[in-house]
Amino acid sequence: MKIATWNVNSLAVRLPQVLDWLAANPVDALCLQELKLSDDKFPLEALAAAGYQSAVFGQKTYNGVAILSRNPARNIVKNIVGFSDEQSRVIAATLDTPQGELRLVNSYFVNGQAPGTDKFAYKMKWLEGLRSWLGQELAAQPKLVLVGDFNITFDDRDTYDAEGLRETIHHTTEEREHLKALLGLGLHDAFRLFEQPEKSYSWWDYREFAFRRNRGLRIDYILVSDALKPAVQSCVIDKLPRKNERPSDHVPVIAHLDLL
DNA sequence: ATGGCCGAGCTCCTCGGA
């Protein structure tokens, strides 16, 4: 079973690239973030023609998430249960596999702008809400995968400039403590379960030739629960789509799980 | 030089992103 996550930064713009990518990478499930479109604008038919069903939680202009899957997604939940939110940032679904079911949670974490701002305060509240809810989800379904754009670096390996960006947004101790607290629920960063190339990133700014200079951040993750950890066969970042015409600033991350 | 580049929208400037 292959699960992927990709912040597409407008599905209206990126749909052709998503279809091309799925043709080349026929994963079982693809989680999208930053759709930037309302549900009525979602390209259900084009994705169905490509062999994917869609569970969609859209929003006009900002945010918006979706789970595309080859098999039907069940028990769909939108946003964090118990945390009131105007923004469409989370969609969860149960997927059936030949070896049983698993819970897939797709999240577009709050950016947070800068420490000390209202947006940063919202990010901290949101992270608290997410952790509290995920604890319940894990109790109900121990086979859980949390994917998405986390907008936080785990540690200095995940940034092109650990010293220069210390305690700036995506790098603060406070954000990283929240990320560690998520791992404390019994989750594992699938990417770090394996040897990886130095300076592996999943996002590069559009400015300053950042991709060409590999000045990026790793902020897109696939976290697997204790019960699924032994099943993870690989986790890779696919940098190829960043070379496309009109690319998203993020690239896909793919995990291969063998649930036997 | 605190910018640079993108996408969206009550679009020709402003906001948000990371």
Side-chain angles (χ1 to χ4, degrees), chain A residues 5-19 21 31-43 56-66 85-90 106-127 130 147-176 178-179 191 199-221 237 239 241-253:
Chain A
T5 176
W6 192 6
N7 178 326
V8 290
N9 186 19
S10 169
L11 185 58
V13 172
R14 236 64 70 185
L15 178 62
Q17 295 181 44
V18 170
L19 293 170
W21 190 85
C31 296
L32 301 177
Q33 304 90 36
E34 280 209 90
L35 306 177
K36 295 188 174 180
L37 45 74
S38 49
D39 287 7
D40 58 303
K41 300 270 172 47
F42 189 89
V56 184
F57 186 30
Q59 185 182 332
K60 187 182 176 184
T61 311
Y62 304 114
N63 313 306
V65 286
D85 198 347
E86 298 292 308
Q87 306 185 12
S88 303
R89 295 187 171 276
V90 179
N106 175 23
S107 304
Y108 174 47
F109 284 48
V110 178
N111 177 312
Q113 195 177 46
T117 64
D118 289 348
K119 287 173 185 172
F120 191 85
Y122 164 53
K123 184 175 195 171
M124 296 305 112
K125 290 275 188 197
W126 188 93
L127 286 162
L130 178 72
V147 312
D149 172 0
F150 284 59
N151 272 323
I152 305 171
T153 56
F154 269 104
D155 57 50
D156 289 353
R157 292 174 296 176
D158 300 327
T159 177
Y160 68 95
D161 187 3
E163 293 305 320
L165 295 172
R166 200 166 293 288
E167 296 302 333
T168 65
I169 194 67
H170 315 305
H171 301 72
T172 67
T173 303
E174 200 173 350
E175 291 167 283
R176 287 176 174 175
H178 275 287
L179 207 42
F191 190 75
K199 300 180 168 60
S200 287
Y201 306 126
S202 65
W203 170 89
W204 299 262
D205 201 297
Y206 284 119
R207 297 166 290 190
E208 296 187 285
F209 307 104
F211 181 64
R212 208 169 73 189
R213 300 160 71 192
N214 197 28
R215 293 165 63 90
L217 305 176
R218 191 177 74 96
I219 48 180
D220 300 88
Y221 305 129
I237 296 172
K239 288 167 70 170
R242 195 63 174 76
K243 300 176 196 276
N244 291 346
E245 293 278 330
R246 292 188 84 184
S248 171
D249 39 3
H250 297 253
V251 296
V253 183

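Proteins come first, then strands; the chains are lettered A, B, ... in the order of their sequence lines, and each starts at number 1.
Taking atom CD on A/Gln59 and atom P on B/dG17, their separation rounds to 11 Å, with Å as the unit. In this entry the distance linking OH of A/Tyr122 with C1' of B/dG16 reads 13 Å, nearest Å. If you measure from atom CG of A/Asp220 to atom C1' of B/dA18, you get 11 Å, rounded to the nearest angstrom. For A/Asn111 and B/dG7, the CG to C1' distance is 15 Å, given to the nearest whole Å. Between A/Asp205 atom CG and B/dG17 atom C1' there is a gap of 9 Å when expressed in whole angstrom units. Regarding A/Asn244, its CG atom lies at a distance of 14 Å from the P atom of B/dC6, rounded to whole Å. Atom CG in A/Leu35 sits about 21 Å away from atom P in B/dC6, given to the nearest Å. When the P atom of B/dA18 is taken as reference, atom CZ of A/Arg215 falls 18 Å away, rounded to whole Å.
Crowding of A/Glu86 atom CD: a count of heavy atoms from other residues, nucleotides or ligands under 6.0 Å not exceeding 12. Annotation: A/Asp40, atom CG; neighbour count of heavy atoms from other residues, nucleotides and ligands within 6.0 Å is above 12. Other residues, nucleotides and ligands contribute over 12 non-hydrogen atoms within 6.0 Å of the CZ atom of A/Arg213.
B/dC6 sits 15 Å from B/dT11 when the C1' atoms are compared, rounded to a whole Å. Taking atom P on both B/dC12 and B/dA1, the two are 32 Å apart, rounded to the nearest angstrom. Only the P atoms considered, B/dT14 is 22 Å distant from B/dA18, to the nearest whole Å. Comparing the P positions of B/dG16 and B/dC10 gives a spacing of 15 Å, expressed to the nearest Å.
Between the side chains of A/Asn111 and A/Lys123, no donor N or O sits under 3.5 Å from an acceptor N or O. With hydrogens and angles left out, the side-chain atoms of A/Asn244 and A/Gln17 include a donor and acceptor closer than 3.5 Å.
Using a 4.0 Å heavy-atom distance criterion, A/Asn63 is classed as making no nucleic acid contact. Among the protein residues, A/Arg14 comes within range of the sugar-phosphate backbone only, with heavy atoms under 4.0 Å from sugar or phosphate atoms but none that close to a base. At the heavy-atom level, A/Asn151 lies under 4.0 Å from the strands shown only through sugar-phosphate atoms. In this structure, A/Gln113 reaches neither bases nor backbone, as no heavy-atom distance under 4.0 Å exists between it and the strands shown.
In the set B/dA18, B/dG4, B/dG16, B/dG4 carries the atom at the smallest distance from any side-chain atom of A/Glu208. When each of B/dA8, B/dA18, B/dC6 is scored by its nearest atom to the side-chain atoms of A/Ala12, the top-ranked nucleotide is B/dA8. Nearest nucleotide to the side chain of A/Asn7, out of B/dA18, B/dG7, B/dG9: B/dA18. Side-chain atoms of A/Val13 lie closest to B/dG7 of the nucleotides B/dG7, B/dA18, B/dG17. Residue A/Thr61 has its side chain nearest to B/dG9 when only B/dG9, B/dG17, B/dA18 are considered.
In this model, the phosphate group of B/dA18 is approached by a side-chain N or O of A/His250 to a distance below 4.0 Å at OP1 or OP2. Close to B/dA8, at under 4.0 Å from its OP1 or OP2, lies a side-chain N or O of A/Ser10. Contact annotation: A/Lys119 reaches the phosphate of B/dG16 (side-chain N/O to OP1 or OP2, under 4.0 Å). Contact between the side-chain N/O atoms of A/Lys60 and the OP1/OP2 oxygens of B/dC10 is found at a separation under 4.0 Å. A close approach under 4.0 Å does not occur between any side-chain nitrogen or oxygen of A/Arg246 and OP1 or OP2 of B/dC5. In this model, the phosphate group of B/dA18 is approached by a side-chain N or O of A/Tyr108 to a distance below 4.0 Å at OP1 or OP2. A sub-4.0 Å separation between OP1 or OP2 of B/dC6 and a side-chain N or O of A/Asn9 is absent.
For A/Arg207 and A/Gln87, each mapped to the nucleotide of DNA chain B holding its nearest heavy atom, the one lying further toward the 5' end belongs to A/Arg207.
Exactly one residue among A/Phe211, A/Tyr160, A/Phe209 makes a ring pair (Phe, Tyr, Trp, His ring centres under 6.0 Å) with A/Trp204. That residue is A/Phe211. Tested against A/Tyr221, the residues A/Phe154, A/Phe109, A/Phe191 include a single ring pair (Phe, Tyr, Trp, His ring centres under 6.0 Å) partner, A/Phe154.
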